[in-house]
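Take a look at the structure set out below.
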Amino acid sequence: MSDTPKTLLRGAKVLGGEARDVLIEGERIAAVGTGVEAGDATVIDATGQILLPGLVDLHTHLREPGREDSETVLTGTRAAAAGGYTAVHAMANTFPVADTAGVVEQVWRLGKESGYCDVQPVGAVTVGLEGKKLAELGAMHDSAAGVRVFSDDGKCVDDAVIMRRALEYVKAFDGVIAQHAQEPRLTEGAQMNEGVVSAELGLGGWPAVAEESIIARDVLLAAHVGSRVHICHLSTAGSVEIVRWAKSKGWNVTAEVTPHHLLLTDELVRSYNPVYKVNPPLRTEADVMALREALADGTIDCVATDHAPHPHEDKDCEWGAAAMGMVGLETALSVVQHTMVDTGLLDWAGVADRMSHRPSAIGRLAGHGRPIAPGEPANLTLLDSAYRGVVNPAGFASRSRNTPYEGRELPGRVTYTFLRGRATVVDGKLA
């Protein structure tokens with residue numbers, strides 16, 4: 001008997017392909033094949049289930065420090081594990097803002113202590129997210145947290161000179177600026193997507209051009225200085241065309257889409273239910289279809305949740321006073337299966353690419369988004385794709401319940417999540 005823990009996944013469909021046995025020894029994958037001998041391993045019958053590399057989220061709000069009433073690093077990483085994630089990037093809009101080496105190290109250490117998934121802090125681009133002065137980008141990169149992604153998410157870096165300087169600065173250590181594309185002057189008082197529905201409801205509109213104009217500016221700036229820019233939560237058909245054009249030029253531009261922008265439209269706002277209030281807002285059916293096509297053809301690189309937990313009182317109020325945002329970690333894979341796999345737009349290998357390989361590559365995150373092969377870290381997600389169930393937020397691991405999918409039937413259930421060989425989810429329940 002060896003002291004190294006062993007787990008054998010019997011008959012799993014690796015990336016949705018042929019059934020294989022996958023043996024995990026310690027922190028790594030030891031063997032992938034048929035008829036793999038278990039010896040003293042714990043055997044899990046994975047017949048018919050889909051085995052994916054552990055999911056990686058480029059865009060998670062963990063709220064700690066400062067808003068522990070909505071989420072903590074512990075509750076957020078538990079939600080992440082439940083959703084099949086082995087790594088998340090924690091956004092900087094905390095209190096205090098993650099704009100110094102001290103704050104990003106605190107978040108990184110809290111992630112280490114939680115043990116449910118790796119937490120990679122995202123540093124703020126500007127001091128206090130105020131858009132006036134560059135934050136300590138170099139110090140945050142040189143810290144124990146090793147920050148490579150910087151974003152003022154929640155706010156746009158709207159000053160072109162500041163954005164240019166940030167793009168130039170992060171070139172020194174192969175960093176990336178992740179931009180929340182929102183021209184603030186065009187979205188003052190905005191409550192929802194500007195269009196037919198906003199006109200009928202009399203709610204302030206958030207026009208598509210407010211997103212597209214910033215993306216156009218920033219891809220040009222990134223090309224000019226030879227740096228990397230990543231577009232957060234892209235939401236319009238026009239934005240897709242700009243990113244597609246920038247990529248055709250060979251520029252270093254990447255983009256993400258949220259699960260909710262792949263499924264939900266601004267028609268839902270007619271209910272005045274603040275659970276549908278989000279930034280960027282839910283757009284039109286035409287936008288949703290353009291986003292799905294762009295994710296399928298690779299114009300959009302990855303799915304990122306923009307998991308935005310809020311306490312009950314910030315959402316259970318009238319529309320105008322409600323906070324913007326939705327929780328997403330525990331439902332993301334189900335929404336992607338529903339919108340992309342079950343529609344034939346992506347296969348499971350494509351899902352692995354968009355939800356693990358590419359986000360890891362953009363964030364330069366070592367040890368994640370790796371092939372399912374011997375010698376690789378055992379960061380894995382096992383999914384029962386045949387499962388169908390109604391979303392019930394009462395069972396969420398997240399501290400917040402603001403999901404737009406309550407009562408909706410969605411496919412797929414994460415049965416096991418492994419972080420470096422250790423099960424964080426066992427038979428659909430947190431370990």
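Heavy-atom basis, side chains included; hydrogens, waters and symmetry copies ignored.
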Which atom names give the shortest non-hydrogen contact between [X] and [Y], and what distance separates them?
{"X": "A166", "Y": "I177", "answer": "CB-CD1, 3.7 Å"}
{"X": "V22", "Y": "I29", "answer": "CG1-CG2, 4.0 Å"}
{"X": "A12", "Y": "L51", "answer": "CB-CB, 4.0 Å"}
{"X": "L167", "Y": "A222", "answer": "CD1-N, 3.8 Å"}
{"X": "S114", "Y": "L74", "answer": "CB-CD1, 3.9 Å"}
{"X": "G138", "Y": "F173", "answer": "CA-CE2, 4.1 Å"}

Salt bridge check, [Y] against [X]: does any charged N sit closer than 4.0 Å to a carboxylate O?
{"X": "E211", "Y": "R283", "result": "yes"}
{"X": "D353", "Y": "R358", "result": "yes"}
{"X": "E168", "Y": "R164", "result": "yes"}
{"X": "E64", "Y": "R67", "result": "no"}
{"X": "R354", "Y": "D301", "result": "no"}
{"X": "K155", "Y": "D153", "result": "no"}
{"X": "E105", "Y": "R109", "result": "yes"}
{"X": "D297", "Y": "R292", "result": "no"}
{"X": "R388", "Y": "D342", "result": "yes"}

Got a donor-acceptor contact below 3.5 angstrom from the [X] side chain to the [Y] backbone?
{"X": "R10", "Y": "V36", "answer": "yes"}
{"X": "K315", "Y": "P309", "answer": "no"}
{"X": "H307", "Y": "G328", "answer": "yes"}
{"X": "E256", "Y": "L58", "answer": "no"}
{"X": "S400", "Y": "S70", "answer": "yes"}
{"X": "E27", "Y": "A378", "answer": "no"}

Any side-chain heavy atom of [X] sitting closer than 4.5 Å to one from [Y]?
{"X": "T72", "Y": "R399", "value": "yes"}
{"X": "V327", "Y": "F396", "value": "yes"}
{"X": "D21", "Y": "V32", "value": "no"}
{"X": "L220", "Y": "H224", "value": "no"}
{"X": "P259", "Y": "Y405", "value": "yes"}
{"X": "N379", "Y": "P53", "value": "no"}

Could you pull out every donor-acceptor pair under 3.5 Å between side chains of residues 121-131 and any protein atom, sequence neighbours left out?
unit_1, atom_1, unit_2, atom_2, d
T126, OG1, E130, N, 3.3
T126, OG1, G131, N, 2.8
T126, OG1, D152, OD2, 2.6

(Q) Pair L383, W348 - check side-chain contact (heavy atoms from CB on, under 4.5 Å), show working. (A) CA-CA 11 Å; L383 175 80; W348 286 109; 3.2 Å; yes
Could you give the side-chain donor-acceptor pairs of residues 408-418 under 3.5 Å, partners two or more places apart or in another chain?
unit_1, atom_1, unit_2, atom_2, d
T415, OG1, Q49, OE1, 2.7
T415, OG1, L382, O, 3.2
T417, OG1, A81, O, 2.9

**Q.** Worked verdict on H89 versus T60 for side chain to side chain donor-acceptor pair (under 3.5 Å)
**A.** CA-CA 6 Å; H89 290 73; T60 306; over 6 Å; no
Going by atom types alone, do [X] and [Y] pair a side-chain donor with an acceptor below 3.5 Å?
{"X": "S334", "Y": "T331", "result": "no"}
{"X": "E71", "Y": "H310", "result": "no"}
{"X": "E406", "Y": "N392", "result": "no"}

**Q.** Positive for side chain to side chain contact (heavy atoms under 4.5 Å, CB included) with V257, one of L295, D306, L234, V288
**A.** L295
Q) Among L329, V119, D118, which one satisfies side chain to side chain contact (heavy atoms under 4.5 Å, CB included) with T77? A) V119
Q | Residue pair M355, V336: steps toward the side-chain contact (heavy atoms from CB on, under 4.5 Å) verdict | A | CA-CA 9 Å; M355 296 187 77; V336 170; 3.8 Å; yes
Q) Do H61 and H59 have ring centres separated by under 6.0 Å? A) yes
Q. Do H233 and H261 have their ring centres less than 6.0 Å from each other?
A. no
Q. Are R228 and W251 in a cation-pi contact, defined as NZ or CZ under 6.0 Å from the six-membered ring centre and within 45° of the axis?
A. no
Q.
Determine whether R28 and E25 satisfy the following criterion, salt bridge (Lys or Arg N to Asp or Glu O under 4.0 Å), listing intermediate values before the conclusion.
A. CA-CA 6 Å; R28 297 198 170 265; E25 278 190 34; over 6 Å; no
